[in-house]
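Everything on this sheet refers to the single structure shown next.
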Amino acid sequence: MGVVVFGSINVDLLFPVRSLPQPGQTVLGEHYRVAPGGKGMNQALAARWAGAEVRMIGAVGDDRFADLARDRLVRVGVPTQDLITVDAPTACAAIAVAEDGENSIVVASGANRLLKAAAVPPSAVTPDGVTLLQLEVPMAESLAIAQRTRAAGGRVVWSLAPFAVVPHDVLAAADVLVLNAPEVAALASHFGLSAARAASEAAERWNLAVVSTLGATGAVLATPDGQWHCPAAIVDVVDTTGAGDAFAGAFGAALAARKPLIEALRDGCAGGALACRALGAQESHGTEAEISALAATLTVEALG
Ligand code: RIB
């Protein structure tokens, strides 16, 4: 089996604006777009586009937003038989996207809050599988899937986004954490890690790999054995929404293909960058060939 994503399915309402609204401020834009999103589903599509076989386990309501999400999954080749329909509306995200590509997101979690670990069929958890998790569905249910994956011999890649304080058990059940810079800082502050060495201290303390995604600076992989930097791939950035999810999807697909961590880091950087080329989280993901071509241009260097 390839990649299993246990996570959120949202429909995104995207509002391009000149600059993001400040608290108490109203800003006017010209138009909006409705498109499938959610950190879980974004990861699933990114992994599929990167060439992995993918199963998506998520919860939706009995509504038109659910149809939108299902249609997108089917078109990309991710089966929908593992989606459960619950008594709550499909989750919805309001996303303001500024001219410089930055965003600001509010999510109404709806059906995501009712996703249960029991929705994951035994056949989805295999010794050679990679499970991708985030923090937009209940943490306890994600933790149960992480522990099942590990018990079966599979690997767990956990994006701590949107950041929440996680118990020690979560860190003990992950093989790889994926965090952006503010999330690394929040993790450091909660667990008393040094701000400058937070990722490598976390890697040593919990015996795992930590990937810090740093936008235009690329990404750093920290393991108990060392640290490696991958530069950012250069693309024309239109919208960074979902770039971290695309990183995780391409990274997970690479691990499922048995690539070593450093190659997965390169693929993740390429996948994350390619996803920034159009408005929306799922509108410009790189194909397997595009990711390979761009990844081949990135030189990973060991940090002293
Ligand atoms: O990471 C981007 C995603 O965050 C969006 O698709 C939105 O749905 C929110 O979950």
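As the structure lists them, so they are numbered: ligands from 1, and atoms in each ligand from 1. We use all heavy atoms of the structure for the numbers below, so side chains are in, but hydrogens, waters and symmetry mates are not.
Of all atoms in ligand 1, listed by their number and element, those nearer than 4.0 Å to a heavy atom of A93 are 7 (C), 8 (O). Using a 4.0 Å cut-off to heavy atoms of N10, the atoms of ligand 1 that qualify are 7 (C), 8 (O), 9 (C), 10 (O). Applying the 4.0 Å criterion to heavy atoms of A281 picks out, from ligand 1, the atoms 6 (O). Ligand 1 places these atoms under 4.0 Å from at least one heavy atom of G242: 1 (O), 2 (C).
Applying the side-chain contact (heavy atoms from CB on, under 4.5 Å) test between W158 and each of L135, V178, L132 identifies L135 as the sole match.
From the protein, the heavy atom lying nearest to atom 3 (C) of ligand 1 is N42 ND2, 3.6 Å. D245 OD2, 2.7 Å is the protein heavy atom nearest to atom 1 (O) of ligand 1. Counting only heavy atoms of the protein, atom 9 (C) of ligand 1 lies nearest to E136 OE2, 3.5 Å.
Between E141 and R113 there is no salt bridge, since no side-chain nitrogen of the basic residue lies less than 4.0 Å from a carboxylate oxygen of the acidic one. A salt bridge links R72 with E283: at least one charged nitrogen is closer than 4.0 Å to a carboxylate oxygen. Residues D267 and K259 are paired through a salt bridge, judged by an N-O separation under 4.0 Å between the basic side chain and the carboxylate. Checked for salt-bridge contact, R150 and D175 meet the test: a charged N lies under 4.0 Å from a carboxylate O.
Residue G38 has at least one N or O atom closer than 3.5 Å to an N or O atom of ligand 1. Any N or O atom pair closer than 3.5 Å counts here, and K39 shares at least one such pair with ligand 1.
Using cut-offs of 30° and 60° on the angle between ring planes, the pair H168 and W206 is tilted.
Atom 6 (O) of ligand 1 has its nearest heavy-atom neighbour, among D12, T240, N112, in D12.
Side chains of T85 and D62: a donor-acceptor N/O pair is absent below 3.5 angstrom, by distance only.
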